[in-house]
Amino acid sequence: MEIKKTSVSGTLESSDIMITLEKGNGGIEIELDSSVLKQFGDRIKTIIAETLMNEKITDVHVIAHDHGALDCTIRARVQAAILKASEEE
């Protein structure tokens, strides 16, 4: 899949994550702002990267604002943003 336009998924509410996907400059670049960055920052970035790679997306800039989202929520928000950004149904 290819990122064709910028997309946003999620909210800034507690226990959620807002994911913004933009066209990349070669590779997967993840910017993460999280209330639990020290404890779970690496895990959150891994989940985001794995979800992107599962959808065969290798050129993307991700901006993530996390407020304590669970792993399943992170995956769901990334998948929703991918569908919007790729303009696929």
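Going from atom OG of S34 over to atom NZ of K45 covers 10.5 Å, rounded to the nearest 0.5 Å. Interatomic distance, CD of E2 versus OG1 of T58, reported as 10.0 Å (0.5 Å rounding). Interatomic distance, CE of M1 versus CD1 of I57, reported as 6.0 Å (0.5 Å rounding). Between S86 atom OG and K4 atom NZ the span is 7.0 Å, to the nearest 0.5 Å.
Side-chain contact check for L21 versus T6: every heavy-atom pair is 4.5 Å or farther apart. Between K23 and V60 the shortest side-chain heavy-atom distance does not fall below 4.5 Å. A heavy-atom distance below 4.5 Å is found between the side chains of I17 and I44. Counting only heavy atoms from C-beta outward, the side chains of V62 and T20 never approach each other to under 4.5 Å. Using a 4.5 Å cut-off on side-chain heavy atoms (C-beta onward), N25 and H61 make no contact.
M18 forms part of a hydrophobic cluster together with V8, L12, judged by ILVMFWY side-chain heavy-atom separations under 4.5 Å.
Residues passing the side-chain contact (heavy atoms from CB on, under 4.5 Å) test with E50, sequence neighbours excluded: T46. Qualifying side-chain contact (heavy atoms from CB on, under 4.5 Å) partners for T11, counting only residues two or more places apart in sequence or in other chains: E13, D16. Applying the side-chain contact (heavy atoms from CB on, under 4.5 Å) criterion to M53, with sequence neighbours excluded, gives I28, A49. In this structure S7 satisfies the side-chain hydrogen bond (donor to acceptor under 3.5 Å, both in side chains) test with no other residue, sequence neighbours excluded. Every residue meeting the side-chain contact (heavy atoms from CB on, under 4.5 Å) condition with A80, not counting sequence neighbours, appears here in chain and number order: S9.
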Show me, pair by pair, the donor-acceptor contacts under 3.5 angstrom made by side chains of residues 69-76, not counting sequence neighbours?
unit_1, atom_1, unit_2, atom_2, d
D71, OD2, R43, NE, 3.4
D71, OD2, R43, NH2, 3.0

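Hydrophobic clustering keeps I63 apart from L83 (ILVMFWY residues linked when any side-chain heavy atoms are closer than 4.5 Å, directly or through intermediates).
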- [ ] Take I3 and D59 through the test side chain to side chain contact (heavy atoms under 4.5 Å, CB included) and record every step on the way to the result.
- [x] CA-CA 8 Å; I3 301 300; D59 185 21; over 6 Å; no
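In terms of heavy atoms, G41 sits closest to L32 at O-CD2, 3.6 Å. Here the closest non-hydrogen pair linking I30 and I48 is CD1-CG2, 3.8 Å.
For residues 29-42, the set of pairs meeting the salt bridge (charged side-chain N to carboxylate O under 4.0 Å, His left out) definition, not counting sequence neighbours, is empty.
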